[in-house]
Amino acid sequence: MICGWRCHQAHKRGQMSSSASSKQGAADSAASELNENTDYLGFGVGLRSQHFPEIMACENLPVDWFEIISENFIDNHGYGRKVLKELRSRCPIVMHGVSLNVGSSDPLNWEYLQKLKELAEFVQPSWISDHLCWTGILGHNTHDLLPMPLTEESLNHVSERVLQVQAFLGQPILLENPSTYLEFRQNELSEWEFLSLLVKKTNCLLLLDVNNVFVSSFNHGYDPLEYLRNIPHSSIQQVHLAGPTRAGNCLVDTHDQPVPDQVWELYKVLLEKTGPVSTLLEWDANIPGFSEVVAELNKARLIFDGKPYQRLESVDINQAPSVFSSPVVR
């Protein structure tokens with residue numbers, strides 16, 4: 001069932017009923033909040049076509065839910081749509097887009113939004129998300145998630161567009177913090193300040209990509225813990241985890257290897273502040289078998305349960321990537 005405005009408000013009330021101190025480490029409070037938070041899905045992975053045979057052969061799915069890339073299923077009425085129809089009857093599905101272009105000065109793409117809405121009517125997702133970014137200008141799609149100027153003018157512009165999108169879809173959307181590799185000199189706000197104000201202005205929710213916090217903080221020299229302290233925790237409905245790669249003097253959000261320890265440590269800190277939050281592992285290049293992806297996801301389960309997990313000291317984020325990935329497959 002698609003989450004609506006009433007569900008969003010109940011979710012926020014449930015999270016805000018716990019004190020800040022009890023959220024930060026008390027196991028009984030976390031268990032209580034799990035019961036209150038009807039939007040908590042557990043632990044999921046991105047649905048990728050390479051894994052269709054293994055997933056369809058599973059009698060008991062080893063994950064709690066799947067996230068689809070919306071653009072991979074818009075106008076797709078082949079085998080992928082059959083897989084999606086099967087899975088939606090077995091577990092929750094969420095839709096994650098890369099073409100909303102919410103930060104662009106172009107008009108909103110109503111043809112794309114209509115197709116997104118039609119896909120949502122078929123999937124009945126738990127929620128719909130996209131990115132705080134712009135992806136094109138003058139009608140051209142760059143197929144990249146480009147950084148926005150973090151200014152009051154930009155905030156007002158994006159807020160109006162988010163409100164229009166939410167009214168059209170009939171539900172709040174989740175917006176994800178992107179990985180960025182440059183900043184605008186005109187910036188007036190930090191990214192966490194921008195997102196906090198956007199939530200207040202639009203009642204949208206957040207998809208917090210912990211790996212992107214790590215990548216952007218490394219690239220721009222800010223403290224990722226400050227980011228996690230100041231982001232509005234009650235509005236975080238989903239988390240992304242992934243593995244980046246070192247390229248020159250930057251980290252790149254490649255999604256092509258296991259999650260590094262630095263990201264796991266940030267995830268631990270975030271859980272202390274949010275309590276249970278729907279967590280998803282992304283792996284979009286050099287994709288291993290489904291069982292290996294699930295094994296990496298299960299580290300998040302162990303961390304959530306306060307148990308030790310196998311650290312992969314051999315994971316090297318200091319080598320230039322052989323591929324720069326995009327999750328969109330055509």
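Computed from a predicted model, the values in this text were never measured in an experiment.
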Would Val252 and Val215 count as a side chain to side chain contact (heavy atoms under 4.5 Å, CB included) here? Give the steps. CA-CA 7 Å; Val252 179; Val215 167; over 6 Å; no
Please lay out, stage by stage, how Val199 and Leu195 fare under the test side chain to side chain contact (heavy atoms under 4.5 Å, CB included). CA-CA 6 Å; Val199 166; Leu195 287 169; 5.5 Å; no
Carefully, step by step, assess Leu208 and Leu228 under the rule side chain to side chain contact (heavy atoms under 4.5 Å, CB included). CA-CA 9 Å; Leu208 187 70; Leu228 296 185; 3.8 Å; yes
Test side chain to side chain contact (heavy atoms under 4.5 Å, CB included) on Asn72 and Asn76; report intermediate values, then the result. CA-CA 7 Å; Asn72 287 345; Asn76 180 344; 5.7 Å; no
Could you please spell out the steps behind the salt bridge (Lys or Arg N to Asp or Glu O under 4.0 Å) verdict for Lys115 and Glu118? CA-CA 5 Å; Lys115 291 181 178 181; Glu118 291 170 0; over 6 Å; no
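The two residues Ile173 and Cys204 have their closest heavy-atom pair at O-CB, 3.5 Å. The two atoms that bring Val259 and Glu296 nearest to each other are N-OE2, 2.8 Å, heavy atoms only. Counting all heavy atoms, side chain and backbone alike, Thr254 lies closest to Pro244 at OG1-C, 3.7 Å. Residues Pro92 and Ser126 approach most closely at CB-OG, 3.7 Å, considering heavy atoms. In this structure, Asp209 and Asn177 approach most closely via the heavy-atom pair N-OD1, 2.8 Å. Leu132 and Leu175 make their closest contact through N-CD2, 4.4 Å (heavy atoms, listed as atom of the first residue, atom of the second, distance).
Remark: the backbone N or O of Val213 is not paired with any side-chain donor or acceptor of Ser216 at under 3.5 angstrom. A donor-acceptor contact shorter than 3.5 Å is absent between the side chain of Glu67 and the backbone of Gly44. Without hydrogens or angle criteria, Ser154 side chain to Leu150 main chain gives no donor-acceptor distance under 3.5 Å. At least one donor-acceptor pair under 3.5 Å links the side chain of Asn219 to the backbone N or O of Thr180. Of the possible donor and acceptor atoms, one in the side chain of Glu193 sits under 3.5 Å from a partner among the backbone N and O of Ser190. Side-chain atoms of His51 come within 3.5 Å of backbone atoms of Pro288 as a donor-acceptor pair (strictly under, hydrogens ignored).
Note on ring orientation: taking the six-membered ring where Trp is involved, the planes of Phe52 and Phe73 are tilted (angle from 30° to 60°). Using cut-offs of 30° and 60° on the angle between ring planes, the pair His96 and His131 is tilted.
From Lys82, atom NZ reaches atom CE of Met56 across 6.0 Å, with rounding to the nearest 0.5 Å. Put simply, CZ on Arg81 and CG on Asp75 are 8.5 Å apart, with the number rounded to the nearest 0.5 Å. The CG atom of Leu281 sits 6.5 Å away from atom CG of Leu241, with the distance rounded to the nearest 0.5 Å. Here the CG atom belonging to Leu41 is positioned 8.0 Å from the CD atom belonging to Gln238, to the nearest 0.5 angstrom. Here the straight-line distance linking atom CG of Asp284 with atom CG of Asp256 works out to 9.5 Å at 0.5 Å rounding. Put simply, CD on Gln164 and CG on Leu113 are 9.5 Å apart, with the number rounded to the nearest 0.5 Å.
One side chain, Gln257 or Thr245, offers a donor N or O that lies under 3.5 Å from an acceptor on the other. Remark: the Gln237 side chain and the Trp127 side chain contain no N/O donor-acceptor pair separated by less than 3.5 Å.
Shown here is Lys268, whose NZ atom has more than 12 heavy atoms of other residues, nucleotides or ligands within 6.0 Å. Heavy-atom neighbours of Asn249 CG from other residues, nucleotides or ligands within 6.0 Å: at or below the threshold of 12. Counting heavy atoms of neighbouring residues, nucleotides and ligands inside a 6.0 Å radius, atom NZ of Lys117 exceeds 12 of them.
By the 4.5 Å heavy-atom criterion applied to side chains, Asn230 and Glu191 are not counted as neighbours. Considering only heavy atoms from C-beta on, Ile55 stays 4.5 Å or farther from Val63 through its side chain. Asn187 places none of its side-chain heavy atoms less than 4.5 Å from the side chain of Phe194. Residues His240 and Asn212 form no side-chain contact, since every pair of their non-hydrogen atoms from C-beta on lies 4.5 Å or further apart. You'll find the side chain of Val102 stays beyond 4.5 Å of the side chain of Asp130, heavy atoms only. The closest side-chain heavy-atom distance from Leu116 to Ile128 is below 4.5 Å. Inter-residue side-chain proximity for Thr151 and Phe184 is flagged as unmet; no heavy-atom pair is nearer than 4.5 Å. Taking the side chain as every heavy atom from C-beta outward, Leu87 and Leu61 approach each other to under 4.5 Å.
The stretch residues 144-170 participates, sequence neighbours left out, in these ring-ring contact (aromatic ring centres under 6.0 Å, His included) pairs: Trp110-Phe168. Residue pairs meeting the ring-ring contact (aromatic ring centres under 6.0 Å, His included) criterion with at least one member in residues 262-286, sequence neighbours excluded: Trp264-Tyr309.
Residues that satisfy the ring pair (Phe, Tyr, Trp, His ring centres under 6.0 Å) test with Phe43, not counting sequence neighbours, are Phe304.
Residue Trp65 forms a side chain to side chain contact (heavy atoms under 4.5 Å, CB included) with just one option from Val94, Val45, Thr279, and that option is Val94.
Salt-bridge check for Glu226 with Arg229: failed, with every basic side-chain N at 4.0 Å or more from each acidic carboxylate O.
Under the 6.0 Å distance and 45° angle rule, Arg88 counts as a cation-pi partner of Phe122.
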